[in-house]
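The block underneath contains the structure these notes are about, expressed in structure tokens.
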Amino acid sequence: MSENHNWEVIVIGSGPAGAMAAYELAKAGKRVAIIEKETLPRYKTCGGGLVFRGRELLPVSVQSAVEKEFDSLAVYFDKHPQPFTAKRNFPILSMVMRDQFDHLLIQEAVKLGAVLLEGQSLQHLDFESEIQVQTQDHTYSTRYVVAADGVLGPTAKLAGWKETRKLIPALEYEVGVEPTVFERLSKEARFDIDAIPQGYGWCFPKANHLSIGVGLFAPKKIQLRDYYKAYLHKLGVESTTFEQAHGFQIPVSARKDGFAKKGVFLTGDSAGFADPLTAEGLTNSIYSGILAGQSIAQQFEDPEKAAETYHAALEERLLPELRFSEVMASFFYFMPSARNLLMGKYGQRACEVLTDVFTGQLVLSRELKQRALKKFGIGGF
Ligand SMILES: Cc1cc2nc3c(=O)[nH]c(=O)nc-3n(C[C@H](O)[C@H](O)[C@H](O)COP(=O)(O)OP(=O)(O)OC[C@H]3O[C@@H](n4cnc5c(N)ncnc54)[C@H](O)[C@@H]3O)c2cc1C
């Protein structure tokens, strides 16, 4: 462990948001440390589906951490006999296991000079002339803190943010199946919208096993495990060779009280940047980590200007997209009859457009978003 207790920037958390913030800061020559409570590589509950636009944002190749690539995806609805599918000439989804993927990104930041302090858990922040960052073993001082400690990390609360994100529960199983079943299910990355009311199920093939999960977009208590079991049955998985269950939460609405203050910058799940429609969180974790790192590096001498720069950068694309997705999600998950009717009419088209949006091939202008919502009979955007 480094003996240095004085840093220009401390990043809390070594997920993709933290790795990218540290990467940008180290690249700009800042003395940056990453405080991580676990020892890397560590398991992270996640489907590990990295969409093309997230992969494209990365400044380094992650090919060595990619277990499978899919240039098509399939979306199943109970009411439709065939799935809606989209195919592109690039990997729409790259499948990663997060222990390997996150470790690779951190190693790239370390190569540029960032220092990883593992096994250190943030306990307390004190705001003096510099920020005092306390872990169970040490106190570090720093000019800036990047909160990249995920959905349940303590940084935002310690820095004075209230809880304004919407958190949804999701259950992820790493599942081993018989070779013939694996052969059948590993041909596609699939989403099953009716696997759970007001949510969806996914089956993401990895190199030798399946990541199967269910997520619920409504704030209510249900037995997710029962839906997972029923989903296995729907997938035709009647027996498993191993099954590891992991429950976790996903923040599918951004915080309402800003993303930077007092030298603390929120990124990724800490900020609430997972997509409200798909719960895909990797892209915006990577993106917000990059933006936070760049904003701090550019305006290092003036924390208020750095915060303004970060907010302006988020407002350019990320926040408008989240607002649009939130409106789409309220229709998609909470008006199922209207949704099914419209999917019957425009399902294939919707699948194509959403694939273009989520792979970054189509940026919807405000006008296009309004037209799309009007078509679906939704106002209020
Ligand atoms: C079941 C499930 C399935 C998902 N599937 C997908 C998917 O297929 N595709 C997708 O794009 N997104 C998916 N997501 C969302 C995605 O996992 C998150 O959005 C993403 O991991 C957020 O990245 P992050 O860098 O903000 O935080 P994280 O990846 O959560 O990293 C936070 C880090 O902070 C550390 N930390 C926490 N507290 C402290 C502390 N006190 N001190 C020091 N370190 C601390 C943690 O150990 C962790 O390493 C899924 C989420 C869930 C729950």
Could you check whether Q244 and Y43, counting side-chain N and O atoms only, form a donor-acceptor pair closer than 3.5 Å? no
Polar contact flag, side-chain donor to acceptor under 3.5 angstrom, S211-E174: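 Per modelled atom types, S211 and E174 side chains form a pair under 3.5 Å.
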Run through F332, Y200, W202 and flag the one making a ring pair (Phe, Tyr, Trp, His ring centres under 6.0 Å) with F191.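 Only one of F332, Y200, W202 forms a ring pair (Phe, Tyr, Trp, His ring centres under 6.0 Å) with F191, namely Y200.
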Check whether Y287 forms a cation-pi arrangement with R317 (NZ or CZ under 6.0 Å from the six-membered ring centre, at most 45° off the ring normal).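 Yes - R317 lies over the ring of Y287, closer than 6.0 Å to its centre and within 45° of its axis.
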Quick check on the hydrophobic clustering: are [X] and [Y] connected, directly or via other members, by side-chain heavy-atom contacts under 4.5 Å?
X    : Y    : answer
L112 : L57  : yes
M343 : L277 : yes
L362 : V75  : yes
M95  : I212 : no
Y228 : F217 : no

Determine, for [X] against [Y], whether the closest basic-nitrogen to carboxylate-oxygen distance falls under 4.0 angstrom.
X    : Y    : result
K27  : E24  : yes
E38  : K44  : no
R143 : E301 : yes
R53  : E280 : yes
E308 : K305 : no
R42  : D102 : yes
R323 : E315 : yes
R88  : E352 : yes
R55  : E69  : yes

More than 12 non-hydrogen atoms from neighbouring residues, nucleotides or ligands closer than 6.0 Å to [atom1] on [X], yes or no?
X    : atom1 : value
Q361 : CD    : yes
R349 : CZ    : no
K256 : NZ    : yes
K157 : NZ    : no

Shortest non-hydrogen contact from [X] to [Y]?
X    : Y    : value
F70  : P205 : CZ-CG, 3.6 Å
S61  : L104 : O-CD2, 3.8 Å
S14  : L40  : OG-CD2, 3.4 Å
A260 : A307 : CB-CB, 3.7 Å
A207 : F182 : O-CZ, 3.4 Å
A189 : F204 : CB-CD2, 4.4 Å

Tell me if a side-chain donor or acceptor on [X] pairs with a main-chain N or O of [Y] at a distance below 3.5 Å.
X    : Y    : value
S325 : P276 : no
Q348 : T85  : yes
R165 : D269 : yes
E172 : G213 : no
W161 : G258 : yes
D192 : Y231 : no
K206 : V96  : yes
H103 : D99  : no
T359 : F52  : no
S270 : L266 : no

Tell me whether the rings of F265 and Y310 are parallel (<30°), tilted (30 to 60°) or perpendicular (>60°).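 Aromatic pair F265/Y310 classed tilted.
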Evaluate the criterion side chain to side chain contact (heavy atoms under 4.5 Å, CB included) for residue pair V237 and L185; output intermediate values, then yes/no. CA-CA 9 Å; V237 178; L185 288 174; 3.6 Å; yes
Is there side-chain contact between [X] and [Y], with heavy atoms separated by less than 4.5 Å?
X    : Y    : value
M20  : P59  : yes
L117 : T135 : no
T241 : E178 : yes
L73  : F358 : no
P91  : D71  : no
K229 : Y173 : no
I286 : L50  : yes
V60  : L105 : yes

L171, I168, I196, I250 screened by side-chain contact (heavy atoms from CB on, under 4.5 Å) with L216, the one that passes: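 The side-chain contact (heavy atoms from CB on, under 4.5 Å) with L216 is passed solely by I196 among L171, I168, I196, I250.
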Among V115, N6, L25, V9, find the one that has a side-chain contact (heavy atoms from CB on, under 4.5 Å) with R31.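 For R31, the side-chain contact (heavy atoms from CB on, under 4.5 Å) check succeeds only for N6.
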So, taking the atom named CD in E243 and the one named CG in L210, what distance separates them when rounded to the nearest 0.5 Å?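 With rounding to 0.5 Å, CD (E243) is 11.0 Å from CG (L210).
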Taken in chain and number order and not counting sequence neighbours, the residues that satisfy ring pair (Phe, Tyr, Trp, His ring centres under 6.0 Å) with F84 are F77, H80
Check against ring pair (Phe, Tyr, Trp, His ring centres under 6.0 Å), Y140 and H138: CA-CA 6 Å; Y140 304 92; H138 298 288; 5.7 Å; yes
Centres of the Y144 and F300 rings: under 6.0 Å? yes
Check the pair Q120 / D137 against side chain to side chain contact (heavy atoms under 4.5 Å, CB included), numbers first and verdict last. CA-CA 7 Å; Q120 291 294 305; D137 297 324; 2.8 Å; yes
